[in-house]
*Asks:* 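If you scroll down you'll find the structure; I have some questions about it.
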Amino acid sequence: MTSIPSKNLCIRRQQCPCGDWKCYITYEGDAEEGSAAPELVKAEKASSGAMITPYVGMVFKSDDEAFEYYGNFARKNGFSIRKERSRISPQLGIYKRDFVCYRSGFAPVKKKPNGEHHRDRKSVRCGCDAKMYLSKEVVEGVSQWFIVQFSNVHNHELLEDDQVRLLPAYRKIHEADQERILLLSKAGFPIHRIVKMLELEKGIQGGQLPFLERDVRNFVQNRKKVVQENEALLNEKRENDVLELLEACKAMKEADNDFVYDFTMDANDKVENVAWSYGDSVNANAMFGDVVYFDTSHRSVTYGLLFGVWFGIDSYGRTIFFGCVLLQDETHQSFSWALQTFVRLMRGRFPQTILTDLDPGLRDAIRSELPGTKHVIPQWNFLYKVPCWFSPPLGSRYAEFKSEFDALFHIESTEEFELQWSQMISVFGLGSDKHTDLLYSVRASWAQVYVRGYFLARMETIAYSKSIDAFLKGIFATHTCLRSFFEQVGITASFQHQAHQETQYIHLKTCIPIEEHARSILTPFAFNALQQELMLAMQYAASEMANGSYIVRHYKRMNGERLVIWLAEDDQLHCSCKEFESSGILCRHALRVLVIKNYFQLPDKYLLGRWRRECSLLVDDDHNNQGIGGEWFQEYQSLAETLFSESSITKERSDYVRRELTKEVTRILNEVRNLPEADGVCMNMSVSPAS
């Protein structure tokens, strides 16, 4: 049996936000990280079905790759393998490897001091001759491993699938299970109860874990021994690594004055919390900091730190990095410091809306530190927890409960929500359930009836959550110390800020003048959203009321009507769906009224600055002007904006500009490089216009 060490610096927090330490959250990605879910076993069987039997002459890039391949073949065929012999030469290093069946050879006979033969326990070795021998050769400077001998002849019975998984080579305790086992062990759970808890949490039958009860016992005993022996050494290493991180921040500040950071020390003068951000991130926040997502879903097992990241979204729908923080714990005090520091690093700007994970401690900190900010918990952040919470207690009634729960997101009034919630709790007997209590206590942050109308900038979508996951995977990949982690955060953030949206031609899909007008002003991301609403607007009928307002209904659906108030004197529109207040994009109902009223252009107030094409150029304006200070940059920016707008009107224009602009810029660049590098005039050109 083996335990799988942590490959990443941080893993997902698995403690349930309900506050009960016995409550555990599983994630959809657990299977990828080595979960014991039955689905994973099925996937392994399916993928291994097409495996080719090893043969003499088969080539591998490394001996490790060959061992892994032979191991997968062995598992599929009912046995396991082990490494036997290797040979070394001064020129090639290890150049021969022998892999054999786990029952190859015979166990050595041990002798007692008095000469009496004695066997400690029965051996499984029986002289099996199944084997795979490899030899290394260097071909055109590249090392390769070839199979030189192979035999799949066994002198023992091969095991069935349900037996082979229990061989020592395949009994593995993965990282997520290790942490859960240690938590339950510290709480005083006996080993057999820990195993039962894991089976219940994973929803599998008894005996179906990929390890045995004795493996859990050995793991706990070994870990306690290691911790006792190395606790002082580990603590010293952690402290040194945190100090190294702080030194890296100081060095970055000296090299880049726009870099910002802050930290706190405890009573023993040890670093508690560290937060940092970059000049580009601060500038981006000045334009796009109206909505912020604060992700606190990961923590470091090695350092015992919670990792938080602040994100935003730019005018092109791309995720922006605003800053990050490492916190000593998950208390109200730590979260409060993180929020205070974020506002300070962002030059005192408070967000209109902050999206976060479901965490009561973080909620309380937001209430105290950001009283004027709306707190929202996006659906994708907690809906995956619902099956873990309610499927076990409800059993066969869970599907019915889930249908009732989903209906809560479509309720239009707070009174109706409160009534439906009370009825649901009563019907399913969840009056004393800790998870329903938790959800109800934060209902103002997730229920649509309470959230509708607050600006979210389309950050509550599944697509945005996937972009966050992609960012986090990039910075967590195989970094084992805080210094390298800090460097990777900087690289990833820099890559995001330097990425530029290519000019692209956008097709019109209607003959409505509003569409053409919006295309010339909005970014492709915002225009695509508006275009979709405009196309759907044609499926709605609008009935004018006596006061000049409109009732807008879908031509097929009788329910779901919306009230649109139109004030002609100042071109004001108000729709009861509140889509514009939420996303900054006019809804289909309001667009339908504008079409009826013969509007050929959208009123300027409904083309938000954060969604306009020129907005991405303005983000770096202040930063660039600090180093350039000349009028030529403003002229360059104005020409670029005009060229960008004019070229996107037709495909012919777009293709022409992309073709000719590349040639002209290349020509100018070559001419500039041929000019003298110094002419005696001092130029302050610390930042390029493109930043």
*Asks:* To the nearest 0.5 Å, tell me how far Leu327 CG sits from Thr296 OG1.
*Replies:* 9.0 Å
*Asks:* Tell me, with the steps shown, if Glu460 and Gln379 meet side chain to side chain donor-acceptor pair (under 3.5 Å).
*Replies:* CA-CA 7 Å; Glu460 80 285 6; Gln379 297 178 26; over 6 Å; no
*Asks:* Would you say that Phe382 contacts Leu439 through its side chain, given a criterion of any heavy-atom pair below 4.5 Å between the two side chains?
*Replies:* yes
*Asks:* Let me know which of Tyr464, Tyr293, Phe321 forms a ring pair (Phe, Tyr, Trp, His ring centres under 6.0 Å) with Phe471.
*Replies:* Phe321
*Asks:* Determine whether the aromatic ring centres of Tyr555 and Tyr540 lie less than 6.0 Å apart.
*Replies:* no
*Asks:* Would you please classify the geometry between the Phe485 ring and the Phe307 ring as parallel, tilted or perpendicular, with 30° and 60° separating the classes?
*Replies:* perpendicular
*Asks:* Begin from the C-alpha positions of Asp406 and Lys402 and carry the test salt bridge (charged side-chain N to carboxylate O under 4.0 Å, His left out) through to its verdict.
*Replies:* CA-CA 6 Å; Asp406 290 343; Lys402 186 63 166 59; 2.9 Å; yes
*Asks:* Please find the pair of heavy atoms, one from Ala275 and one from Val325, that lie closest to each other, and give the distance.
*Replies:* CB-CG2, 3.8 Å
*Asks:* Taking all heavy atoms of Ser297 and all of Asp357, pick out the closest pair and write down the distance.
*Replies:* N-OD2, 3.2 Å
*Asks:* Does His517 have its ring centroid less than 6.0 Å away from the ring centroid of Phe600?
*Replies:* no
*Asks:* Run the side chain to side chain contact (heavy atoms under 4.5 Å, CB included) check on Leu355 and Val292 step by step: do they pass?
*Replies:* CA-CA 6 Å; Leu355 289 76; Val292 172; over 6 Å; no
*Asks:* State the OG-CG distance between Ser277 and Asn285, to the nearest 0.5 angstrom.
*Replies:* 8.0 Å
*Asks:* Check the angle between the aromatic planes of Phe409 and Phe405 and answer parallel, tilted or perpendicular using the 30° and 60° thresholds.
*Replies:* perpendicular
*Asks:* On a heavy-atom basis, which atom in Thr523 and which in Ser315 lie closest, and how many Å separate them?
*Replies:* OG1-O, 2.5 Å
*Asks:* How long is the straight-line distance from NE2 of His589 back to CZ of Arg553, given to the nearest 0.5 Å?
*Replies:* 12.0 Å
*Asks:* For the salt bridge (charged side-chain N to carboxylate O under 4.0 Å, His left out) test, which of Arg588, Arg562, Arg458 pairs with Glu579?
*Replies:* Arg458
*Asks:* Check for a donor-acceptor pair, side chain of Gln531 on one end and backbone N or O of His507 on the other, with a separation under 3.5 Å.
*Replies:* yes
*Asks:* Within a 6.0 Å radius of atom NZ on Lys509, are there more than 12 heavy atoms belonging to other residues, nucleotides or ligands?
*Replies:* no
*Asks:* Hey, does the Lys NZ or Arg CZ of Lys374 hover above the aromatic six-ring of Tyr454, less than 6.0 Å from the centre and inside 45° of the axis?
*Replies:* yes
*Asks:* Would you check if the side chain of Ser582 reaches a backbone N or O of Arg452 as a donor-acceptor pair within less than 3.5 Å?
*Replies:* no
*Asks:* Could you tell me whether a side-chain N or O of Arg443 sits under 3.5 Å from a main-chain N or O of Tyr440, the two making a donor and an acceptor?
*Replies:* yes
*Asks:* Would you say that Leu358 contacts Leu438 through its side chain, given a criterion of any heavy-atom pair below 4.5 Å between the two side chains?
*Replies:* yes
*Asks:* Please check: side-chain N/O of Ser422 versus main-chain N/O of Glu418, any donor-acceptor pairing under 3.5 Å?
*Replies:* yes
*Asks:* Hey, would you say the Phe525 and Trp611 ring centroids sit under 6.0 Å apart?
*Replies:* yes
*Asks:* Is there a donor-acceptor pair closer than 3.5 Å between any side-chain N or O of Thr436 and the backbone N or O of Leu430?
*Replies:* yes
*Asks:* Just wondering, are more than 12 heavy atoms of other shown residues or ligands nearer than 6.0 Å to OH in Tyr606?
*Replies:* yes
*Asks:* Aromatic contact between Trp310 and Phe288, with the criterion being ring centroids under 6.0 Å apart: yes or no?
*Replies:* no
*Asks:* Is any side-chain N of the basic residue among Arg667 and Glu671 closer than 4.0 Å to the acidic one's carboxylate O?
*Replies:* yes
*Asks:* Verify, without hydrogens or angle tests, whether Lys466 (side chain) and Ala470 (backbone) share a donor-acceptor contact under 3.5 angstrom.
*Replies:* no
*Asks:* Report yes if some heavy atom in the side chain of Val282 is under 4.5 Å from a heavy atom in the side chain of Arg347; otherwise report no.
*Replies:* yes
*Asks:* Between Phe322 and Phe311 (judged by ring centroids, cut-off 6.0 Å), do the two rings come close enough to count as a pair?
*Replies:* no
*Asks:* Are side-chain heavy atoms of Asp290 and Arg349 found at a separation under 4.5 Å?
*Replies:* yes
*Asks:* Output the distance between atom CG (Leu573) and atom CD1 (Ile565), rounded to the nearest 0.5 Å.
*Replies:* 10.0 Å
*Asks:* Under a 3.5 Å distance rule, please check whether Asn381 uses its side chain to pair with a backbone N or O of Ile377 as donor and acceptor.
*Replies:* no
*Asks:* Side chains of Arg363 and Val442: closer than 4.5 Å at any heavy-atom pair?
*Replies:* yes
*Asks:* Ile585 and Ala529: which non-hydrogen atoms are nearest, and at how many Å?
*Replies:* CG2-C, 4.2 Å
*Asks:* Counting distance only, does the side-chain N/O of Thr341 pair as donor-acceptor with the main-chain N or O of Trp337 below 3.5 Å?
*Replies:* yes
*Asks:* Going by heavy atoms in the side chains, are Phe335 and Leu306 under 4.5 Å from each other?
*Replies:* yes
*Asks:* Determine whether Thr356 and Ile354 satisfy the following criterion, side chain to side chain contact (heavy atoms under 4.5 Å, CB included), listing intermediate values before the conclusion.
*Replies:* CA-CA 6 Å; Thr356 74; Ile354 184 168; 3.9 Å; yes
*Asks:* Check for me whether the distance between the ring centres of Tyr550 and Trp566 falls short of 6.0 Å.
*Replies:* no
*Asks:* Are any side-chain N or O atoms of Glu515 and backbone N or O atoms of Thr510, one a donor and one an acceptor, separated by less than 3.5 Å?
*Replies:* yes
*Asks:* Which word best sums up how the rings of Phe417 and Trp446 line up, parallel for under 30°, tilted for 30 to 60°, or perpendicular for over 60°?
*Replies:* perpendicular
*Asks:* Answer yes when Asp571 and Lys605 have at least one side-chain N-carboxylate O distance shorter than 4.0 Å, and no when they do not.
*Replies:* no
*Asks:* Taking Arg612 first and then Asp604, would you say they form a salt bridge - that is, a charged N and a carboxylate O separated by under 4.0 Å?
*Replies:* yes
*Asks:* Report yes if the side chains of Pro378 and Ser465 come closer than 4.5 Å at any heavy-atom pair, otherwise no.
*Replies:* no
*Asks:* Between Glu369 and Gln340, what is the shortest heavy-atom contact and its length?
*Replies:* OE1-NE2, 2.9 Å
*Asks:* Answer yes or no: is there an ion pair linking Lys578 with Glu581, defined by an N-O contact shorter than 4.0 Å?
*Replies:* no
*Asks:* Measure the CZ-NE2 distance between Arg592 and His554 for me, rounded to the nearest 0.5 Å.
*Replies:* 11.5 Å
*Asks:* Distance under 6.0 Å and angle within 45° of the ring axis: does Arg659 meet both against Tyr656?
*Replies:* no
*Asks:* Could you give the distance from OG (Ser281) to CH2 (Trp276), rounded to the nearest 0.5 Å?
*Replies:* 12.0 Å
*Asks:* Can you check whether Leu339 reaches Phe294 side chain to side chain, under 4.5 Å on heavy atoms?
*Replies:* yes
*Asks:* Ignoring hydrogens, what is the shortest heavy-atom contact between Leu602 and Ala518? Give both atom names and the distance.
*Replies:* CD1-CB, 4.2 Å
*Asks:* Does Gln448 form a side chain to side chain contact (heavy atoms under 4.5 Å, CB included) with Glu412? I'd like the steps, not just the answer.
*Replies:* CA-CA 8 Å; Gln448 288 300 297; Glu412 295 292 328; over 6 Å; no
*Asks:* With a 6.0 Å cut-off (strictly less than), is the heavy-atom count around CD of Gln420, excluding the residue itself, greater than 12?
*Replies:* yes
*Asks:* Can a donor-acceptor pair be found, under 3.5 Å and without considering hydrogens, that links the side chain of Thr353 to the backbone of Val291?
*Replies:* no
